[in-house]
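Structure record follows, encoded as structure tokens.
Chain identifiers are assigned alphabetically (A, B, ...) following the order of the sequence lines, protein sequences preceding nucleic acid strands; residue numbering begins at 1 within each chain.
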Amino acid sequence: MNEEIIDIHCGWGATAVAPQWNDAEHVQAGLRARGIGTAFVASDLARHFDPVHGNEQISRGTEQVPNLRPWLVVSSDRPAEANALMRRYLYHNDNFVGCALYPDPVTGHPITLVEAYEFLSAFRRFAKPLLIQAPTGEAMQHVGEIAREMNTTRVIASGMGGDDWRLAVDVAAKHLNLYLDISGALQAEKIDHAVHVLHGARKLLFGSGAPHTDPAAVLALLTEIDLPAEDRVRILSQNARRIFQMEIAVAEDTDMIPIGAPTPDAEAPLSDLHGVEEPEPEEGQA
Amino acid sequence: MNDIVDLRTVLRPPETDAQAARTPAASLVALLDRHDVALAAVLSSSALHHEAVGGNAETVVACRDEPRLHPIFVLDPREPGPAPAIDGARLLALFPATHGYPGVYAPLRRMLRALQAAPTSPPILVEAHRAGDATALASQLGEAGYRGPVILSGVSGAVTLAEALAVAEESPQILIATDGLHGLGEIGAVVHALGARRVVFASGTPDGSLGAALALVRHAHLSPDDEALVLGGNARRLLGIGAPAAGSLAA
């Protein structure tokens, strides 16, 4: 069987040099050329300008494409709009993998717990993963605060803090529910460092940020270091299947374990996961 | 297999005990070997982040022991004194953003004039990831009359890529390095706009991944001839280093 690769964070929207990156067939072809079979995509229109129409476009553009699944992009500082979008797309549409939050498109101001609190409170009930882009160390620290507050939610920091990847790894080590995708700085040593500090690769996910970064470059990071084969599989697909509760490929593409069946990782006790203590439950939470 | 020449690499002090077992130059050469890179132009991180003249001297010493490495002389217009000695330099480099001076900067203009007066006009690699720097550089090159090739480094994303292409289209002496072109289709777009002779492979390794930099070129859908120019031919031309002997590259 070919190596399975799931890209958990791509953009969706034309750019000057990738003008067809809003066409499912073209996006799939570009990903397949790099060995990527499945991708979770987030609307650039929703991210930069218009969440309502951006999410609507991506919903329509991916509804017949099982290997492309959308993120619901919301503005956490517009909680009423975000709530309406979540009711529309997360209650009645299993295609959306979760919600994605991005820094302010104009100022770059990161997502903070205080400013996103109302949205986060509403998001809890959907029990889906939350992706927050963290292109800097400062943004990563805010993601850590959010992960602590949302300790029953799977939180993914995308971008690994950019050049501040050491800080990003340190923050991820403190929160059991906080995961990192390996996009951001194109430095292979950050993956080595993360595997060492996090006692394995169970909290790392393959995400590229395409088209703003070519996935081939991010994939090349994994071949540049001496990564054990089982860690490579975890980063490229196994962790994503666990975190997003996808079916598990066990032998051949057609041979799947149904949703909800226990997986090797799901059976592992929490204390085995990362070599860190389980956080204290927050007041009022399970 | 292509003849690969990396136009920007860095000699970096060791960060781990394992790295300390080798000199920075030997570590860099081992990295080049791993990716079948034949030659590299190199600067020392000391020249970049501490002091240019002393750091450049370190680079020259390191390159004496490793014939596959060729020194990049870092120029710092903030440093007082006479124009830097560039005799024998194959490649110069300017880092406006890292050194914290603006794109339009009188000491830079003075330095470019001094370089123009020198008997040779070696290529200059210029950090241009900050919006506005490529535009400012182009106007100062024109004012100073410098005629050597200029390679824009660290260009990435819609804003600076559009800027770099605009200045390069106006000025044939300007080339673009691949070290910032991380986006899908960026390298292909630059080759399409300027021609493959004006795009040069550079990685910034070990600060950036050499494997990732190569993957970006190899997924750019270039013709074999264009890929050969980008990966090695152009850098050899700029550095004045002849092509390898026929048969020295594995098929």
Side-chain angles (χ1 to χ4, degrees), chain A residues 7 10-22 26-27 29-36 39 41 44 48 105 108 135 159-160 162-163 165-166 182-193 196 208-227, chain B residues 10 12 14-16 18-19 27 30-35 37 97-98 129 154-166 176 178-194 202-222:
Chain A
D7 187 336
C10 287
W12 174 274
T15 69
V17 293
Q20 292 176 293
W21 204 256
N22 55 2
H26 188 87
V27 171
L31 295 172
R32 269 199 305 269
R34 290 152 177 83
I36 299 165
V41 290
D44 274 359
H48 291 288
M160 226 172 155
D163 290 333
W165 45 264
R166 286 184 176 84
I182 62 169
S183 65
L186 290 176
Q187 291 179 266
E189 62 188 301
K190 73 180 187 180
I191 299 170
D192 246 350
H193 178 77
H196 175 70
S208 70
H212 304 293
T213 301
D214 189 325
V218 186
L219 283 168
L221 301 181
L222 295 175
T223 55
E224 191 144 354
I225 55 174
D226 296 322
L227 193 66
Chain B
V10 181
R12 195 172 69 177
E15 293 182 354
T16 65
Q19 290 172 357
S27 295
L31 196 54
L32 302 181
D33 283 340
R34 185 169 177 165
H35 293 281
V37 176
T98 300
H129 67 76
V155 172
S156 186
V159 176
T160 54
L161 179 54
E163 181 187 11
L165 286 174
I176 297 180
T178 62
D179 54 359
L181 301 173
H182 300 161
L184 257 175
E186 286 188 345
I187 290 176
V190 175
V191 168
H192 181 73
L194 302 179
S203 72
T205 198
D207 294 339
S209 162
L210 181 49
L214 286 166
L216 286 161
V217 177
R218 287 175 171 146
H219 282 83
H221 303 297
L222 304 180

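Both the backbone and the side chain of B:Leu210 have a heavy atom closer than 4.5 Å to some heavy atom of chain A. Contact annotation for A:Ile225: only backbone heavy atoms (N, CA, C, O) come within less than 4.5 Å of a heavy atom of chain B. Contacts of A:Thr213 with chain B are made by both backbone and side-chain atoms, with heavy-atom separations under 4.5 Å. With a 4.5 Å cut-off on non-hydrogen atoms, B:His35 touches chain A through its side chain but not through its backbone. Both the backbone and the side chain of A:Ala216 have a heavy atom closer than 4.5 Å to some heavy atom of chain B. For chain B, the nearby part of A:Ala33 is the backbone; its heavy atoms alone come within less than 4.5 Å.
Atoms CG and SG, on B:Leu184 and A:Cys10 in that order, are 8.5 Å from each other to the nearest 0.5 Å. Considering CG of A:Asp214 and NE2 of B:His182, their distance stands at 10.5 Å, rounded to 0.5 Å. Interatomic distance, CG of B:Leu161 versus OG1 of A:Thr15, reported as 9.5 Å (0.5 Å rounding).
A salt bridge does not link A:Lys190 to B:Asp207: none of the charged side-chain nitrogens sits closer than 4.0 Å to a carboxylate oxygen.
B:Glu186 and A:Val17 get closest at one heavy-atom pair: CG-CG2, 3.8 Å. For the pair B:Arg34 and A:Asp226, the tightest heavy-atom approach, listed with the atom from each and the gap, is NH2-OD1, 3.8 Å. What you find for A:Ala217 and B:Ala212 is that their closest heavy atoms are O-CB, 3.4 Å.
Residue-environment remark: NE2 (B:His192) stays at or below the threshold of 12 foreign heavy atoms within 6.0 Å.
For the residue pair A:Glu224 and B:Ser209, a side-chain donor N or O sits within less than 3.5 Å of a side-chain acceptor on the partner.
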